[in-house]
Amino acid sequence: MSQSYNRGLIEDFGRWKEFSAGMWAWIFHKFTGWMLIGYLFTHIAVLSTAVGAASGDASLVASGDDIYTTTIQGLESLFIVRVLEVGLLAVAVFHILNGLRLLMVDLGVGLDAQDKSFYASLVLTAIITVASVPTFMDGVAL
Amino acid sequence: MYEHDVIVVGAGGAGLRAAVAADEAGADVALVSKLHPVRSHTGAAEGGINAALREGDDWELHAYDTMKGSDYLADAPAVETLTQDSPEDTITLEHWGMPFSREEDGRVSQRPFGGLSFPRTTYAGAETGHHLLHVMYEQVVKRGIQVYDEWYVMDLATTDEDDPNERECHGVVAYDVQSGKVEGFKANDGVILATGGPGQAFDHTTNAVSCTGDGHAMAYRAGAPLEDMEFIQFHPTSLPSTGVLISEGVRGEGGILYNNDGERFMFEHGYANNDGELASRDVVARAELTEVQEGRGVNDEYVHLDMRHLGEERILDRLENILHLAEDFEGVDGLIEPMPVKPGQHYAMGGIEVDENGQTCINGLYAAGECACVSVHGGNRLGGNALPELIVFGKRAGRHAAGDDLGEPQIRTGYGDDVEDETETELPVQPGSAGLDSSGGVAADGGMTADAEGILERQVESAREHVDYLMEKDTGVQHAEIRQKLQNAMTDYVNVFRTEEGVKKALRLIRECREEYQDVYVDDPSRTFNTDLQQTIETRNLIDVAETIALGALVRNEFRGAHWRQENQIRDDENWLKHTLISWEEGEPKIFYRPVILEGEDKTYEPKDRSY
Amino acid sequence: MAERYSSFTPGGTGWLLQRITAAFLVVVLAFHFFQLHFVNHAADVTFAGTQARMENVGYFLTMVLFLIAGTFHGVNGVYNALVNQGLKGTQKKVVLAVLVIASVALIVQGIIVAMAMAGVVII
Amino acid sequence: MSTQQQKPEQPESQEAPQDPEMKGAESPVDEKEKETGEIDQRTADDGELDGETVLIKVFRYDPEVADKQEPRFDEFHVPFEKGMTVLDAVMYARDHYDSSLTFRHSCRQAVCGSDAFFVNGKQRLGCKTQMADLEHPVRIEPLPHQEVVKDLVVDMDHFYDQMHTVEPYLQQDDLPTGDLEEQRQSRENREKIKMSTRCIWCGACMSSCNIAAGDNEYLGPAAINKAYRFAMDDREDEEVKEHRLRIIEQEHGVWRCQTQFSCTEVCPKDIPLTEHIQELKREAVKKNLKFW
Ligand SMILES: Cc1cc2nc3c(=O)[nH]c(=O)nc-3n(C[C@H](O)[C@H](O)[C@H](O)COP(=O)(O)OP(=O)(O)OC[C@H]3O[C@@H](n4cnc5c(N)ncnc54)[C@H](O)[C@@H]3O)c2cc1C
Ligand code: HEM
Ligand code: SF4
Ligand code: F3S
Ligand code: FES
């Protein structure tokens, strides 16, 4: 016998076509979760400019020229940032909806419909995302 | 070399029970099995375990039913032991956690079964065997009993005194399927064979692929006689491609059998004018085969079992599992088309001759379960009587091997002064011998009594040589071809219909198989998990076992239980109230008979007509 | 035989907290998104506006809790994901330490920011 | 006929009918497959396949044989017959083309659990999978995430170890002492554990679970289901149940499960594994809350 053959994990992801609903849900949830935590770190970093604004010149704050306001508005004026925001919304919405699905599963509710509820999360995410585009894209130029 | 007090070969219901009993009796026991225990064929049993547990029932009624069902070919002491011990041993299973179906009051459920005068078949859903097997394996795990799984036992290590009654078994030789290495297992106190049925001797069987009669063949070659091998139970409704059983419930609910011409042949061809499809198993099986043989079979192979007229609602309500079976294993939707069925080998009533303690005529060699014949089933096994046999006699064999005193057995074993020799039957060919020169049998050593270890070692050597020989030979015949030929011969000629001519043909074909087997080789060159090698060895066991079945069928010229002979279609108590025994002597089968014991503890079971 | 599996963390607590924080986050995150993209457009955010909101104690506390819950939930999630992929031994300890330090840093920094927004200047 | 002619027997229910439990529940898996259209309509397919050969591609590997040390796929053309299962197909290939083709099998009726393979990317029992239900050619591989011993044979030891870890046997020393006295169990309780007792140890679930693949110590769905079978059995006392919960709530126990559902989807016995795992999680949390 001696050796046996281990096909390892790589093969798994080569088989993505054969994954079932529950597995996709798991992968998406993971992916969105990581995005969100990554964003949280960035978010706090950006918001940290508030410390500068608060300790800076009060008149700047009054006129809206403080570092916090300029940073945020500067970012917001970029088209790409708006696109990323829509992406973030999609990610968050999916994570929330699927998170709710998972919470239901934990409570033992609707286990038979686990695949349907996953598809429902996907569809809802898409709808919400599309519907929010106008709001998110409001007032930005290419 | 491995060493234990008791070695149990086979880990189905009988083997596991024997191991637990031996362990409880204080022995160091090991299970050696070619399959992992939970893969054993006991898991396929569905119906239940007969045990007289309830008010209004008692073991004597159960014994009476069993004697009658056996067509008076069972030995009363065995039957009484079975029926007396079964209740307690069944309750033990419950205590171990077996998930029996339950009554309203929380007690275990029992249901009626064919041939029983009281509903005493204790069951766990439709998967009694599965639960029995698993609960027993759980006990083995609990006790930490050593299991060598996927070790294939090739031979017994037995001394070679001239008289088998004086021989002694010291262990077994097995090879590790995963690695291919051959090793000896020394048994200080005893070897228990629990290798299950020989269904694979037939082309079409409800038995698993692993039911190859290895234990039968090993014991036979070591000198223990095989008893009543001609008694094979056939089930009339098994699926043609796999042999999976279709419950008798379909016919019970009103399912109808049709031939290819759309005739309801049970009536139209007069096989059973009153009872039609509900005639007894052997009658229906013979009717189906006659239809096929006379050219009225579907695809020349099977008949149709139709339940569509019962209506979807009723089918879904009562027979839903049948729909799944037909769908999963035959690809047929029972709601829109009739299901193909044909008779399939189902159970072997005969086996290695043992007494009530499970011991063969060879010292230290035991057998239990379907491979053994204490003779509780005689000519025909009642449904639900095999599982209690496993637990009752498995336990007894285990305890006895471990040294517990179970008293003097009343059943005698081996060739002795109480037997009658076969005189007249003319054999078409010389059976036995060919193809069996290498390995097997007893450790030939010219009568020199070597010590146990020496005997085992010699047997290991010879097994290694045998394996090397098979592996190194690189041209010849492959076992699959021989096996197929053997199975066809048995199904064609030693099936539910037996004629002198037919059985003789089978014997000739078996002889041919033996000769071909001399040229057998193993194509797969690898020692790792070589199933080719394993099956090649199994095929040879099948040849030996098939030969004994055919020989028994040839000599027994009567119709009793499951055995039917064209030449003499009555139960012939005058001449045949006796067991057929076949033992292997110097490369040849020897046939003799031993009278049936009809005297029970305090009554004698007088043969009566077997009518219900 | 169970000994093989005994390990210091019984695991259930983390699991339960992950669910509880999730339930909390659903509410707050939805509120947060709504507040900052629909009620007030992100593009119009000014420090003054932020400050005005943050001066409300309830809002302030909610945001801090939001941060703590989010950090725990996110970092614990990441940690579990890694353990699921078979992380063990020293590596596991190192990862845990790094994650704990990162989350503490994040929370501390976040609180500083929040206080700055609320106008509580400590430095 | 002769004296032997028997009166009709009661339907001899060896494989018996009247019991309601025989009518296994409508298989949820099948339903799912029909819905998602993952499986072709059989009736349409049958006609096409009858009398033809089907192509199977079988994974081959043998550590000892030079040209099999590097895994490869072998193709076999197998004559199709109505009702042919994947197991029938590989058996045909073995018996007619290559006797070294190796796989485990025994009962041919989905009770022994030997022949779980990876068929067209899904864990299935060979004997319970109709060739006509599959897309062709059919790709047959050993179970993923278990070491391959040879061809389709994988090393099951780890699976067995996990099964043994949950102390898979009834623990009750306080048995009724009366003559032939059984422990009582209500019908409801038996019904509750019924599905969980059906496991045939095929290992399909464990192989389908990504978590089990990543975390070798994870008990896996089958072992947890085994624990469930006993934890929910009223014949055991409360303390034993707590002991069982302690086993399954170890770090590599139930908490590792990420509710991927693939175990439930592949289980040939339709055991609601995820449901059982989730129930145990809740039981464990409840137990812990009691001590807080
Ligand atoms: C479909 C079906 C339904 C049935 N229903 C019922 C029923 O309802 N009621 C009833 O009472 N009976 C029933 N029976 C009969 C009963 O199930 C069997 O007779 C019984 O299970 C046999 O058990 P066993 O322990 O003797 O053998 P098995 O369970 O077949 O076990 C044999 C063991 O021996 C091992 N083995 C074999 N050869 C070797 C070797 N060379 N080396 C090592 N190990 C070896 C195998 O690995 C296996 O572990 C049914 C049978 C079938 C086929
Ligand atoms: C808003 C509501 C949210 C809900 C309902 C929610 C729900 C969940 C649930 C139930 C899990 C556990 C998955 C499992 O163990 O199977 C999870 C994991 C996770 N969540 Fe959230 N979450 C939410 C918000 C967030 C936020 C804001 C972040 C980021 C900061 C985040 C990051 C993560 C991460 C990283 C994981 C781990 C993913 C993995 O398994 O790899 N989540 N979430
Ligand atoms: S739970 Fe289902 S898939 Fe898993 S081993 Fe048991 S029968 Fe197989
Ligand atoms: S696939 Fe694995 S993650 Fe859980 S639901 Fe099944 S055990
Ligand atoms: S061969 Fe037994 S489960 Fe498939």
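For clarity, every value in this text was computed on a predicted model and none was experimentally measured. Naming: A, B, ... by sequence-line order, numbering from 1 per chain.
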Relative to chain B, which segment of [X] carries a heavy atom at a distance below 4.5 Å: side chain, backbone, both, or neither?
X	answer
T102(D)	both
R235(D)	side chain
D95(D)	both
L180(D)	both
I200(D)	both
M156(D)	side chain

Please give me the minimum heavy-atom distance between [X] and [Y], naming the atom from each residue.
X	Y	value
F103(D)	T531(B)	O-CG2, 4.3 Å
Q183(D)	H95(B)	NE2-CA, 3.3 Å
S114(D)	R39(B)	OG-CD, 3.4 Å
C107(D)	A208(B)	CA-CB, 3.7 Å
D149(B)	Y160(D)	OD2-CE1, 4.1 Å
D105(B)	R184(D)	O-NH1, 3.2 Å

Proximal component of [X], with respect to chain D [non-hydrogen, under 4.5 Å]:
X	result
T206(B)	backbone
E88(B)	both
E481(B)	neither
H134(B)	side chain
N274(B)	neither
E277(B)	neither

Show the numbers, then the answer: is there a side-chain contact (heavy atoms from CB on, under 4.5 Å) between K82(D) and V332(B)? CA-CA 9 Å; K82(D) 191 177 159 70; V332(B) 164; 3.9 Å; yes
Pair K269(D) + E127(B), salt bridge at N-O below 4.0 Å: no
Below 4.0 angstrom, N of the basic side chain to O of the carboxylate: do R527(B) and E64(D) qualify? no
Is there a side-chain contact (heavy atoms from CB on, under 4.5 Å) between C112(D) and H41(B) once you walk through the steps? CA-CA 7 Å; C112(D) 75; H41(B) 202 54; over 6 Å; no
If you count heavy-atom pairs within less than 4.5 Å of chain B, which of [options] leads?
options	result
S106(D), C202(D), G113(D)	S106(D)
Q172(D), M84(D), E181(D)	E181(D)
A110(D), S100(D), P176(D)	S100(D)
H105(D), Q109(D), K68(D)	Q109(D)

[X] side chain to [Y] main-chain N or O, any donor-acceptor pair under 3.5 Å?
X	Y	answer
H130(B)	T197(D)	yes
R190(D)	P99(B)	yes
R107(B)	E182(D)	no
K150(D)	T528(B)	yes
R102(B)	S186(D)	no

Out of [options], return the one with the most heavy atom pairs under 4.5 angstrom to chain D.
options	result
S40(B), S241(B), P87(B), C211(B)	P87(B)
I91(B), D523(B), V135(B), T42(B)	I91(B)
Q478(B), E104(B), H36(B), H131(B)	H36(B)
Q484(B), R54(B), Q139(B)	R54(B)

Please round to the nearest 0.5 Å and tell me the distance separating atom [atom1] of [X] and atom [atom2] of [Y].
X	Y	atom1	atom2	answer
K194(D)	S101(B)	NZ	OG	8.5 Å
W96(B)	L175(D)	CH2	CG	11.5 Å
T205(B)	R108(D)	OG1	CZ	6.5 Å
D98(D)	D524(B)	CG	CG	7.5 Å

What's the verdict on side-chain contact (heavy atoms from CB on, under 4.5 Å) for E138(B) and L170(D), showing C-alpha distance, side-chain angles and the deciding distance? CA-CA 8 Å; E138(B) 287 162 15; L170(D) 192 82; 5.8 Å; no
Quick one, F100(B) with Q185(D), criterion side-chain contact (heavy atoms from CB on, under 4.5 Å). Give me CA distance, side-chain angles, the key distance, then yes/no. CA-CA 9 Å; F100(B) 283 109; Q185(D) 184 183 27; over 6 Å; no
